[in-house]
Colleague: 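Please find one structure pasted underneath; my questions will follow.
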Amino acid sequence: MSETKYPKDKVRELQRKLWGSAKKSKTRRFHALYDKIYRMDVLREAWRRVRSRHGVGGIDGETIEEIEARGVEPFLMEIHNQLREGRYHPVAVRRVNIPKPNGKNRPLGIPTIRDRVVQMAVKILIEPIFEAEFLGCSYGFRPKRNAIEALERIRETANQGYNWVLDVDIKSYFDNIQHSKLIEKVSQRISDRRVIKLIRKWLESGVMVEGRYEKTMVGTPQGGVISPLLSNIYLHYLDEMWERKYSTLGIITRYADDFIIQSKKWGQMREGKARVKEILKDLDLELEPDKSQEINLGMGKQGFKFLGHYLKKCHSIKYPGHYFLNRWPSKESMAKVRAKIRRIISHRRMKIKNVYEMIPELNRILRGWSNYFKSGNAARKFLQIEKYVWQRLIIFQNRRRATKRPHKQRCYTYDWFQNLGIYRLMGQIQYPKLAYSKA
């Protein structure tokens with residue numbers, strides 16, 4: 001008797017078949033996908049993934065909690081019927097501005113929960129097809145790939161003598177993606193017109209800004225479920241062209257729209273910059289001159305920031321005369337986590353009466369921050385943050401007790417701090433045993 005397959009297993013099996021078919025033939029175009037989008041097992045898996053992200057509602061105000069209270073199955077059945085009968089139409093996304101460390105804002109477009117579920121269903125189906133052709137130099141928003149692997153690739157490459165780094169920033173990337181060119185690149189693999197029509201509708205659905213509707217003739221909104229995949233499809237042209245024509249000039253490592261090129265010689269890096277401009281011009285994109293820079297890593301002369309880390313070659317104690325690439329949290333990353341700690345450990349939070357009430361929330365922040373940065377050379381930075389937490393807790397206790405001379409208090413020792421149950425940062429550093437792929 002065969003084992004019963006759960007809906008998630010069936011969806012995974014479907015994805016494997018699509019990936020295998022795409023891997024066998026790089027020229028095959030898939031034409032029968034739309035009817036699989038509204039399969040109930042696919043929609044249930046799409047809902048599960050959307051729900052796991054705990055996102056907020058779109059312009060209709062409908063939240064995940066309200067849908068669950070009303071009933072998930074009727075909600076998914078309604079989407080099923082709308083897609084099957086051709087009645088589904090996305091609505092405009094809600095524009096939200098997220099402050100950036102440099103004082104500017106990052107605009108996010110938040111679709112409704114309904115649109116997010118449909119986008120996720122489409123992503124479940126078409127992602128394996130494009131994953132079959134994406135190159136090993138791309139790490140952002142891809143299954144089983146992450147930022148740490150990208151950083152490891154950079155470290156290993158630098159330690160092989162690729163000391164000249166071109167750190168590239170694309171000018172307003174998500175706002176300048178050309179819809180026609182993006183649809184053309186999607187159509188190279190997807191020939192199902194109804195799927196293409198869905199993607200075009202999302203691109204042209206518009207945004208609501210302070211109650212005012214604005215059309216979107218260019219760009220893809222950050223915040224959409226399918227936006228990261230579409231951005232990778234668009235920039236796959238950059239990866240492909242570089243690997244095919246200019247790989248002798250250096251090694252490219254890309255994470256979404258952030259990428260660097262590492263070369264062994266200054267002349268190769270300079271020529272590589274010119275070639276990158278040519279490739280981006282084909283995509284109607286251009287470099288951000290103020291943020292793109294050239295770095296010489298040799299003998300620890302310069303360093304650069306990438307994915308929240310600061311990377312620089314440091315002199316080796318074990319091997320005198322040798323320099324190896326190290327990385328640790330950047331100043332911006334340190335400032336960001338300190339701001340979160342200050343927000344949690346604040347004497348102005350009048351509802352917090354006991355220091356133990358803050359520990360669970362504080363531990364979530366520290367554990368997440370540690371998991372991201374512990375793979376580098378961040379022991380000193382971890383110690384700084386741990387001491388900072390200790391100091392903030394002492395200030396909190398003294399303010400609540402109205403102590404006039406906190407420096408005279410001897411009860412808040414490091415043993416007291418350790419016994420609070422706070423997630424320990426010290427001792428968490430461990431270098432990953434990863435090997436990047438040049439495939």
Colleague: Is a side-chain donor or acceptor of Glu288 paired with a backbone partner of Ile170 at a separation under 3.5 angstrom?
Modeller: no
Colleague: Give a yes or no on whether the ring-centroid distance for Trp369 and Phe382 is below 6.0 angstrom.
Modeller: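 Yes, ring centres under 6.0 Å apart.
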Colleague: May I ask you to decide whether Glu184 forms a salt bridge with Lys181, counting only side-chain N to carboxylate O separations under 4.0 Å?
Modeller: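 Lys181 and Glu184: not salt-bridged.
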Colleague: Using side chain to side chain contact (heavy atoms under 4.5 Å, CB included) as the criterion, list what pairs up with Arg424, not counting sequence neighbours.
Modeller: Glu386, Tyr414, Gln418, Met426
Colleague: Does NZ or CZ of Arg338 lie under 6.0 Å from the centre of the six-membered ring of Tyr388, at an angle within 45° of the ring axis?
Modeller: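 Geometry flag: set, cation within 6.0 Å and 45°.
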Colleague: Regarding Glu286 and Lys281, does a basic nitrogen lie under 4.0 Å from an acidic carboxylate oxygen?
Modeller: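 Salt bridge: no.
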Colleague: The criterion is side-chain hydrogen bond (donor to acceptor under 3.5 Å, both in side chains); which residues satisfy it with Gln178, sequence neighbours excluded?
Modeller: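 With sequence neighbours excluded, Gln178 shows a side-chain hydrogen bond (donor to acceptor under 3.5 Å, both in side chains) to no residue whatsoever.
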Colleague: With Arg29, which residues qualify under side chain to side chain contact (heavy atoms under 4.5 Å, CB included), at least two apart?
Modeller: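 Side chain to side chain contact (heavy atoms under 4.5 Å, CB included) list for Arg29, sorted by chain: Ser187, Ser191.
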Colleague: Salt bridge or not for Glu278 and Arg275, using N-O below 4.0 Å?
Modeller: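 Yes, Glu278 and Arg275 are salt-bridged.
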Colleague: Rounded to the nearest 0.5 Å, what's the gap from CG on Leu325 to CD on Gln160? Could you check?
Modeller: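 Spacing of CG (Leu325) from CD (Gln160) equals 12.0 Å.
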Colleague: Spell out, as yes or no, whether a donor-acceptor pair under 3.5 Å connects the side chain of Tyr173 to the backbone of Ser231.
Modeller: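 Confirmed, Tyr173 side chain pairs with Ser231 backbone.
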Colleague: Ring pair (Phe, Tyr, Trp, His ring centres under 6.0 Å) with His179: which residues, sequence neighbours excluded?
Modeller: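 Once residues adjacent in sequence are excluded, His179 has no partner under the ring pair (Phe, Tyr, Trp, His ring centres under 6.0 Å) criterion.
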Colleague: Mark yes or no for whether Thr220, through its side chain, and Phe174, through its backbone, hold a donor-acceptor pair below 3.5 Å.
Modeller: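 Judged by distance alone, no pair lies under 3.5 Å.
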Colleague: Taking Glu243 for its side chain and Glu240 for its backbone only, find out whether a donor-acceptor pair lies under 3.5 Å.
Modeller: no
Colleague: In plain terms, say whether Glu45 and Arg12 are close enough for a salt bridge, that is, a side-chain N and a carboxylate O under 4.0 Å apart.
Modeller: no
Colleague: Restricting to pairs with a member in residues 236-256, which pass ring-ring contact (aromatic ring centres under 6.0 Å, His included), not counting sequence neighbours?
Modeller: Phe134-His236, Phe141-Tyr255, Trp242-Tyr246
Colleague: Keeping Asn176 on the side-chain end and Leu285 on the backbone end, is there a donor-acceptor pair under 3.5 Å?
Modeller: no
Colleague: Please list, chain by chain and in numerical order, all residues satisfying ring pair (Phe, Tyr, Trp, His ring centres under 6.0 Å) with Phe304, sequence neighbours excluded.
Modeller: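 Residues passing ring pair (Phe, Tyr, Trp, His ring centres under 6.0 Å) with Phe304: none at all.
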Colleague: Flag the pair Glu133 and Lys26 as a salt bridge only when some basic side-chain nitrogen lies within less than 4.0 angstrom of an acidic carboxylate oxygen.
Modeller: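 The answer is no: the pair does not qualify as a salt bridge.
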Colleague: Scan residues 193-208 for pairs that pass salt bridge (Lys or Arg N to Asp or Glu O under 4.0 Å), counting only residues two or more places apart or in two chains.
Modeller: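 Pairs touching residues 193-208 that pass the test: Asp192-Arg194.
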Colleague: Is Lys273 salt-bridged to Glu271, going by a charged N under 4.0 Å from an acidic O?
Modeller: no
Colleague: Tell me every residue that passes side-chain hydrogen bond (donor to acceptor under 3.5 Å, both in side chains) with Gln293, counting only those two or more places apart in sequence or in another chain.
Modeller: Asp167
Colleague: Is the backbone N or O of Gln428 less than 3.5 Å from a side-chain atom of Lys374, with the two atoms forming a donor-acceptor pair by type?
Modeller: no
Colleague: With sequence neighbours excluded, tell me which residues meet side chain to side chain contact (heavy atoms under 4.5 Å, CB included) with Lys17.
Modeller: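 Only Glu13 meet the side chain to side chain contact (heavy atoms under 4.5 Å, CB included) criterion with Lys17.
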Colleague: Name all residues meeting the side-chain hydrogen bond (donor to acceptor under 3.5 Å, both in side chains) criterion together with Arg254; count only those two or more places apart in sequence or in a different chain, and write none if there are none.
Modeller: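 For Arg254 the side-chain hydrogen bond (donor to acceptor under 3.5 Å, both in side chains) partners, ignoring immediate neighbours, are Ser138, Asn232, Asp239.
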Colleague: Would you check, one step at a time, whether the test side chain to side chain donor-acceptor pair (under 3.5 Å) holds for Lys313 with Asn159?
Modeller: CA-CA 9 Å; Lys313 280 200 168 184; Asn159 291 340; 4.6 Å; no
Colleague: Would you please name every residue forming a side chain to side chain contact (heavy atoms under 4.5 Å, CB included) with Met269, sequence neighbours left out?
Modeller: Trp164, Leu166, Ser263, Trp266, Glu294
Colleague: List in chain and number order the residues that pass salt bridge (charged side-chain N to carboxylate O under 4.0 Å, His left out) with Lys245, two or more places apart in sequence or in another chain; answer none if no residue qualifies.
Modeller: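 Residues passing salt bridge (charged side-chain N to carboxylate O under 4.0 Å, His left out) with Lys245: none at all.
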Colleague: Tell me whether Arg392 forms a cation-pi arrangement with Phe396, defined as NZ or CZ under 6.0 Å from the six-membered ring centre and within 45 degrees of its axis.
Modeller: no
